[in-house]
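Data block below; observations after.
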Amino acid sequence: MNAYRLKRIQKVLSAPTNRVLDEPVVKRILSIITIASAYIYLAALLIPYSNKSFLLIKLMFVAGGLPWWMIVSFILLRSSMRRITSLPDEYLDEREIGLRDSSFKLGYLVVRRLGLALSALVVLEVAATWVVYYLTPMSYTYNPVHEVTWYEAAIKAINEYVTDVLGEAPVLTLGSLVILLTYVAYSFPLIILAWRDARNKREIVELPSPEVKIDSLAQKFEKTSKVYFRLLIGVAISIPVAFLSVMLMFVLPIFGLLTVAAFAFGPFVYLWAEIKLIIAIFSLKFQNLNLPRRKQLTRLASFASISGAVVPVSFVVAIFNNQNAGPSFWVAIAGGFAAVGCHVAAFISLRLASVELTSGETTSS
């Protein structure tokens, strides 16, 4: 543990400072986005399912893009404050220590432990519910509520609204609220810390770049390329498995879960590939290595990201305009194939980059 702790401290100290994230205005913008996204997420959760006008908005904000904005803003905010939140006291000055202690004391003790405890209970309850549902038969009953007095009518209206908000899966809705509470518990002290730290811009200290290990970098690129093509084979296998699971889910509900996992495997590989390509590009950029190959990887990763974005956009267009559902479907298929093609070419280029780093020669582009 001590060795891991020292390695982590050294990594934080040697990491290059991001000048954009270190700007006070950027810290405050990220703080505002983090707060606003949490409130919008809560408002979307409170939209009743019976409101057909806002149901699509509810589904898009809760299960679509907004949670990703919450996660991204939190990661960027944490990255901007990584030095204060990750380093021990001996590496910080008195102002930074005071800011960190007061901010985390305010948020950690009051909300964070409560959120973690509630999240653990919800996760355990959801897991138990899934086990019972997928492995045993279940039935549902309906018990009508009769109006008696105006008071009972008001209570009934409130209960109907709460029931409508919870929907057919109340555990998931309540779990989303608890997860939102946990998100606020973790982000709240970080927001306070970033907002206070933005008052005084820290002086940027330029640290020498670590020594480049060409062989290690080349081996990393080679391994990443091999892993991608193995995952690509897994995607090709998961597609027929997904359709087979759709047919078998009527035999046993657990195959429905396998269907979701099989269909989600492709987008997961796409996101993984984009992240790995971005890391490879910045690794070459920071070390000022192989400019032609770096430009090629940048173009291919950019084309893949644009082609991949076409897929969800096409489905959104199909949802809002049923007449364009057919063309949108084929556009989504074309975008998916284009993204896969760009990724295949990019990881072949990444494999060639590893060969070039090792040999010191430039292969054909």
Side-chain angles (χ1 to χ4, degrees), residues 59-61 63-73 75-76 220-246 258-285 290-322 324-356 363-365:
L59 296 176
M60 289 180 61
F61 278 117
L66 190 65
W68 295 106
W69 286 107
M70 294 171 60
I71 295 172
V72 170
S73 63
I75 292 176
L76 292 177
K220 181 180 179 181
F221 288 169
E222 180 183 1
K223 181 179 178 181
T224 302
S225 181
K226 290 181 179 179
V227 171
Y228 171 75
F229 286 105
R230 291 172 184 172
L231 291 175
L232 190 61
I233 294 173
V235 172
I237 297 174
S238 68
I239 295 176
V241 170
F243 287 102
L244 180 63
S245 299
V246 170
L258 295 177
T259 301
V260 175
F263 278 117
F265 185 65
F268 164 77
V269 173
Y270 168 80
L271 294 175
W272 178 89
E274 279 293 303
I275 293 173
K276 290 298 182 181
L277 287 176
I278 293 173
I279 293 175
I281 292 169
F282 277 98
S283 297
L284 293 173
K285 181 179 179 180
N290 206 336
L291 180 61
R293 189 66 64 186
R294 189 173 79 226
K295 290 182 177 180
Q296 186 182 58
L297 289 172
T298 303
R299 289 194 296 267
L300 291 172
S302 301
F303 291 151
S305 63
I306 295 173
S307 301
V310 169
V311 178
V313 171
S314 300
F315 283 112
V316 171
V317 171
I319 291 173
F320 283 100
N321 192 345
N322 295 331
N324 294 327
S328 298
F329 173 77
W330 291 111
V331 170
I333 295 295
F337 277 110
V340 172
C342 290
H343 276 169
V344 169
F347 280 94
I348 291 175
S349 180
L350 188 65
R351 178 67 180 90
L352 295 176
S354 68
V355 174
E356 293 168 357
T363 59
S364 173
S365 298

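Since the structure is predicted, the reported quantities are computational estimates derived from the model, not experimental observations.
- Within 6.0 Å of atom CZ in Phe337, 12 or fewer heavy atoms from other residues, nucleotides or ligands are found, so the atom counts as exposed in its surroundings.
- Among all heavy-atom pairs drawn from Phe347 and Thr224, the shortest one is CE2-CG2, 3.8 Å.
- Applying the side chain to side chain contact (heavy atoms under 4.5 Å, CB included) test between Phe221 and each of Leu352, Val355, Leu284 identifies Leu284 as the sole match.
- In this structure, the side chains of Phe268 and Ser238 stay at 4.5 Å or more apart for every pair of heavy atoms.
- Between the Ser225 side chain and the Glu222 main chain, no donor and acceptor come within less than 3.5 Å of each other.
- The closest side-chain heavy-atom distance from Val331 to Val310 is below 4.5 Å.
- With rounding to the nearest 0.5 angstrom, the NZ atom of Lys285 is 12.0 Å from the CD1 atom of Ile278.
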task = With side chain to side chain donor-acceptor pair (under 3.5 Å) as the test, would you mind laying out the steps for Gln296 and Arg293 before giving the verdict?
result = CA-CA 5 Å; Gln296 186 182 58; Arg293 189 66 64 186; 2.6 Å; yes
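- Ala346 and Leu297 make their closest contact through O-CD2, 3.3 Å (heavy atoms, listed as atom of the first residue, atom of the second, distance).
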message = Working note: Phe263 + Phe243, criterion ring-ring contact (aromatic ring centres under 6.0 Å, His included); need CA distance, chi angles, decisive distance, verdict.
response = CA-CA 9 Å; Phe263 278 117; Phe243 287 102; 5.6 Å; yes
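- For Ser302 against Ser305, the heavy-atom pair with the smallest separation is O-OG, 2.6 Å.
- Open room surrounds CZ on Phe303; 12 or fewer heavy atoms of other groups in view lie less than 6.0 Å from it.
- Side-chain polar atoms of Arg351 and Ser354 form a donor-acceptor pair below 3.5 angstrom.
- Considering all non-hydrogen atoms of both residues, Val317 and Ser328 come closest at CG1-OG, 3.7 Å.
- Looking only at side-chain heavy atoms (C-beta outward), Val241 and Phe265 stay at 4.5 Å or farther from each other.
- Rounding to the nearest 0.5 Å gives a distance of 14.0 Å between CD1 of Ile239 and CG of Leu244.
- Between Ile279 and Ile275, some side-chain heavy-atom pair lies under the 4.5 Å cut-off.
- From Cys342, atom SG reaches atom CD of Glu274 across 9.0 Å, with rounding to the nearest 0.5 Å.
- Annotation: side chain of Phe229 is in contact with side chain of Val344 (closest heavy-atom distance under 4.5 Å).
- Relative ring orientation between Tyr228 and His343 is described as perpendicular, the plane-to-plane angle rising above 60° on a 0-90° scale split at 30° and 60°.
- No side-chain heavy atom of Val340 sits under 4.5 Å from any side-chain heavy atom of Tyr270.
- Taken from CZ in Arg294 to CZ in Arg299, the straight-line distance is 12.0 Å, to the nearest 0.5 Å.
- Between Gly335 and Val311, the closest heavy-atom pair is C-CG2, 4.1 Å.
- In terms of heavy-atom proximity, Ala339 sits nearest to Gly308 at CB-N, 3.9 Å.
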